[in-house]
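Sequence lines set the chain letters: A, B, ... in the order given, protein chains first and strands last, and positions in each chain run from 1. Since this is a predicted model, take the numbers as computed values, not measurements.
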Amino acid sequence: MTDSGSASPSLRSDPLAALRRAVNAAAAGVVGAAEAPSGVALERPRKAAHGDFATNAAMVCAPVARDNPRNVARKIGEALAEQLGVDLGAAEVAGPGFLNLRLADGWYRDALAFVLSAPDRFGAGVAESPERINVEFVSANPTGPMHLGHGRNAAYGDSLCRIFEFAGHEVSREFYINDFGSQVARFGASISARARGEHVPEDGYQGEYVDEIAAAIDGAAELEESDLAQRGVAMMIERIRATLERMGVRIDTWFSERTLLDDGRFERALDTLAAASESFEHDGALWLRTSKYGDDKDRVLRRTNGEYTYFSTDIAYHADKYARGFKRLIDVWGADHHGYVARMKSAVAALGGDPDTFEPVIMQLVNLTENGKRVQMSKRSGEFVPVDDLIEDIGADALRFFMVQRSHETTMDLDLALAREQSDKNPVYYVQYAHARIASILRKAGEPGAPEGEGSVEPAAPVTGEAAGQSVPAADSAAGVAAQAVARSTAGAGHELHASERALIRKLIEFPDEIAETCLRRAPHRLTIYGRDLAAEFSAFYRDCKVIGDDAPVQEFRLALCRATRDTLARTLDLLGVSAPQSM
RNA sequence: GCGCGCAUAGCUCAGUGGAUAGAGCGCUGCCCUCCGGAGGCAGAGGUCGUAGGUUCGAAUCCUACUGCGCGCGCCA
């Protein structure tokens, strides 16, 4: 939480966090303890009749206080009234013992000032214990182009990384290139065959891209298969890199499997396992005793024929990630790899690591539909829908938004007709439209300072754990001045806030919590919902409240609310890798 | 057979202990002398797969069962 003890706490402390502290303090007081019992929560009721916020504190505390929940709720309400003073509009006991809270307009004005006090930092640095995290994702085989499944993986992985970074983690995005082993040999044989005008071998790679590669390499028909394989892999990686770039996905480290064998890291990893008696020879093969750590059975590292398995180099690869200083490894894998989880976690344990710091995330499958009808011929054909074709069809913004819209753990349908549609039916346009509409209002009001470029907000500066706890920078920016203006209007009388204004502010100040929860749950799909909700709250405000043309203090306040909403929408879209247009 | 995942409105999906379970699409009926109608309002629509259990309270946690998906190689 970005609380601060600076000179103007009302301007700079997170209003939700402060409210949560007040509720905890009141509950602690009632039960006569230093801290409130765990389970006490501040909730946002669905129904307006249940107040602005509500707490279950009394029901949690009642057994401890040995009193009935409604009595306890009344006491907590009285304690809260004392703490919050004029900021608390009302505290009502309801139902089985809920305490429904209404906040005064002054509290809402302070809350908006908080949002605007540091627009680049709002919601940033909320990670409670920042870590050095390595996120490996996509890692598509360099023997073919990225397909549908990789698209979901890329959208998820990149958004997760953006959110981690914004929350204060140090993140490295990594792509593991499987440029070693039998599949690469088959790739080389396939290219060679096509270069010589022959059919690819039975176990080879089909597809026009193999022809294209064969044609693009001078004298391919005369080259060794191993040379063709390496050149083909290089070309495929270049193509994959270009596809990711079209999706707005950045990779920090392209890690070649082959290099592990070239410089001894592979041998060292195997030596480590052997020295710890984690591996053993049996039937002419080398095995890893993964069953010791909960895997169904032991796994082969070196086959009877002397070749090493993919698993063995993967172990060396993960050992290398830890050796590079990462405290947490997240691997984003396709659904077909879930059977691999147990053995890889076992391998981490066998290396002496903590398997809890290795988190494989399994991405479920994507089905393509069009107007509700399946467009894939067979369940396997998804592997042959290239991501490039999808970008061409529906655009990168829609691709990223739709791919990350559903929880990664559920099989999802992507409706091409809806994704293509440029109307309010399409959620990505709905959110972008709200952003563009606010930009238009601000232009009309003669406001300077619209974000530059493609409409995305500037990336947040990295936040360390210490910085996250410090007060925000002084108000020397345009936005800071705006916050001061809002604060000034707080001092004056100020108009009575419309219910839609309050609802919009409430949605805005949820943003830091939303970021924290999204990180914790590794669930970027939450931000697509937040974006839609925020856009909807803005639309209600826009309907109910005239921004431009009323008296000056009201206009000033509402323009400030527009700016806060625009910035938060832009930030949300940016974290999803989707553009936030000034006009559309 | 074993393992992992999933099951919520007609459809696609949110919702990891709180009040009368939500959204979008679709459907029905409305609203443009209005800062962007690329928008908004109202309505119909539910046995949260089934059966037990845990507790003040369960879509949510536990157990069993049913259905669907994926995996189960000295492939990657």
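- Here, B:A23 and B:U8 have their C1' atoms 13 Å apart, quoted to the whole Å.
- For the pair A:Arg258 CZ and B:A76 P, the interatomic distance rounds to 14 Å; values are reported in whole Å.
- The six-membered or imidazole ring of A:Tyr156 lies away from that of A:Phe137, with a centre-to-centre distance of 6.0 Å or more.
- Within the shown strands, B:U12 is the pairing partner of B:A23 under the Watson-Crick or G-U definition, both distances less than 3.5 Å.
- Here B:G18 is the nucleotide among B:G18, B:C13, B:G36 with the atom lying nearest to any side-chain atom of A:Glu43.
- For A:Arg343, counting side-chain heavy atoms from C-beta on, the closest listed nucleotide (B:C13, B:A76, B:C74) is B:A76.
- On a pure distance criterion of 3.5 Å, no polar donor-acceptor pair joins the side chain of A:Asn56 and the base of B:A19.
- Of the candidates B:C74, B:A38, B:C13, the closest approach to any side-chain atom of A:Tyr429 belongs to B:A38.
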Salt bridge (charged side-chain N to carboxylate O under 4.0 Å, His left out) between A:Arg20 and A:Asp513, worked out: CA-CA 12 Å; A:Arg20 197 169 285 125; A:Asp513 280 356; 2.8 Å; yes
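- Remark: the separation of the P atoms in B:C35 and B:G24 is 24 Å, to the nearest Å.
- When distances run from any side-chain atom of A:Tyr542 to the nucleotides B:G3, B:A19, B:G36, the shortest one goes to B:G36.
- Counting any heavy atom pair closer than 4.0 Å across all strands shown, A:Phe311 reaches no nucleic acid atom.
- Of all nucleotides present, only B:U28 satisfies the Watson-Crick or G-U wobble test against B:A42, with each distance under 3.5 Å.
- Residue A:Asn100 is classed as a base contact, given a heavy-atom separation below 4.0 Å to a base.
- At least one cation-pi condition fails for A:Arg303 and A:Tyr308: the charged atom is not both under 6.0 angstrom from the six-membered ring centre and inside a 45 degree cone around its axis.
- Close placement of the A:Tyr530 and A:Phe511 rings is indicated, their centers lying within 6.0 Å of each other.
- Closest contact between the side chain of A:His337 and the listed nucleotides B:C70, B:G40, B:A76 involves B:A76.
- One C1' atom belongs to B:G40, the other to B:A51, and the distance between them is 45 Å to the nearest Å.
- The nearest whole Å value for the distance from the CD atom in A:Gln405 to the P atom in B:G15 is 12 Å.
- Heavy atoms of A:Arg543 sit under 4.0 angstrom from primed sugar atoms or phosphate atoms, though from no base atom.
- Separating the C1' atom of B:G67 from that of B:U50 is a span of 11 Å, rounded to the nearest Å.
- A distance of about 14 Å separates the C1' atoms of B:A21 and B:G17, rounded to the whole Å.
- The ring of A:His318 has its center closer than 6.0 angstrom to the ring center of A:Phe358.
- Base contact: A:Asp283 has a heavy atom under 4.0 Å from a base atom.
- Base pairing of B:G18 is made with B:C56, judged by Watson-Crick or G-U wobble geometry with both donor-acceptor distances under 3.5 Å.
- If you find the closest nucleotide of RNA chain B to A:Thr410 and to A:Arg302, the one lying nearer the 5' end belongs to A:Thr410.
- Among the atoms of the strands shown, none is found under 4.0 Å from any heavy atom of A:Ala536.
- With a 3.5 Å ceiling on both atom-pair distances, the Watson-Crick or G-U wobble partner of B:C2 is B:G71.
- The side chain of A:Arg437 contributes an N or O atom lying less than 4.0 Å from OP1 or OP2 of B:G37.
- Candidate nucleotides B:C74, B:A76, B:G36 were compared by shortest atom distance to the side chain of A:Ala285, and B:C74 ranks first.
- Residues A:Phe541 and A:Phe538 place their aromatic rings such that the two centres sit under 6.0 Å apart.
- Comparing B:G36, B:A76, B:C70 by their nearest atom to the side chain of A:Ile441 picks out B:G36.
- Across all strands shown, B:A51 forms a Watson-Crick or G-U wobble pair, both distances under 3.5 Å, with B:U63.
- Separating the C1' atom of B:A14 from that of B:C75 is a span of 39 Å, rounded to the nearest Å.
- Of the side-chain N and O atoms in A:Ser423, none sit less than 4.0 angstrom from OP1 or OP2 of B:A38.
- Note on A:Thr411: every side-chain N or O is 4.0 Å or more away from OP1 and OP2 of B:G69.
- Look at A:Tyr430 and you'll find a side-chain N or O under 4.0 angstrom from OP1 or OP2 of B:G40.
- Checking B:G15, B:A76, B:G37 against the side-chain heavy atoms of A:Thr309 singles out B:A76 as nearest.
- When distances run from any side-chain atom of A:Met59 to the nucleotides B:G37, B:G18, B:C74, the shortest one goes to B:G18.
- Taking the side chain of A:Leu365 as heavy atoms from C-beta on, and the options B:G69, B:A14, B:G40, the nearest nucleotide is B:G69.
- Residue A:Ser182 is in sugar-phosphate contact alone, with no base atom involved, counting any heavy-atom pair closer than 4.0 Å across all strands shown.
- The residue A:Arg532 sits close only to the backbone: its heavy atoms come under 4.0 Å of sugar-phosphate atoms, none of a base.
- Between the C1' atoms of B:G15 and B:A58, the separation comes to 13 Å (whole Å).
- For the pair A:Tyr340 OH and B:G71 C1', the computed distance is 14 Å after rounding to whole Å.
- Of the two residues contacting RNA chain B, namely A:Lys444 and A:Lys425, the nearest-nucleotide position lying further toward the 5' end is that of A:Lys425.
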One pair to check against salt bridge (charged side-chain N to carboxylate O under 4.0 Å, His left out): A:Lys321 and A:Asp331. What are the steps and the verdict? CA-CA 11 Å; A:Lys321 290 189 200 174; A:Asp331 282 17; 3.1 Å; yes
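- If you check B:C35 for Watson-Crick or wobble pairing at under 3.5 angstrom, you find it has no partner at all.
- Within 4.0 Å (heavy atoms only), A:Ser583 reaches at least one base atom of the nucleic acid.
- Contact annotation for A:Ala445: no contact, since no heavy-atom pair falls under 4.0 Å across all strands.
- Of the C1' atoms belonging to B:G45 and B:C2, the separation is 41 Å, rounded to the nearest Å.
- At a cut-off of 3.5 Å, with distance as the only test, a side-chain donor of A:Gln432 or A:Asp397 sits close to an acceptor on the other residue.
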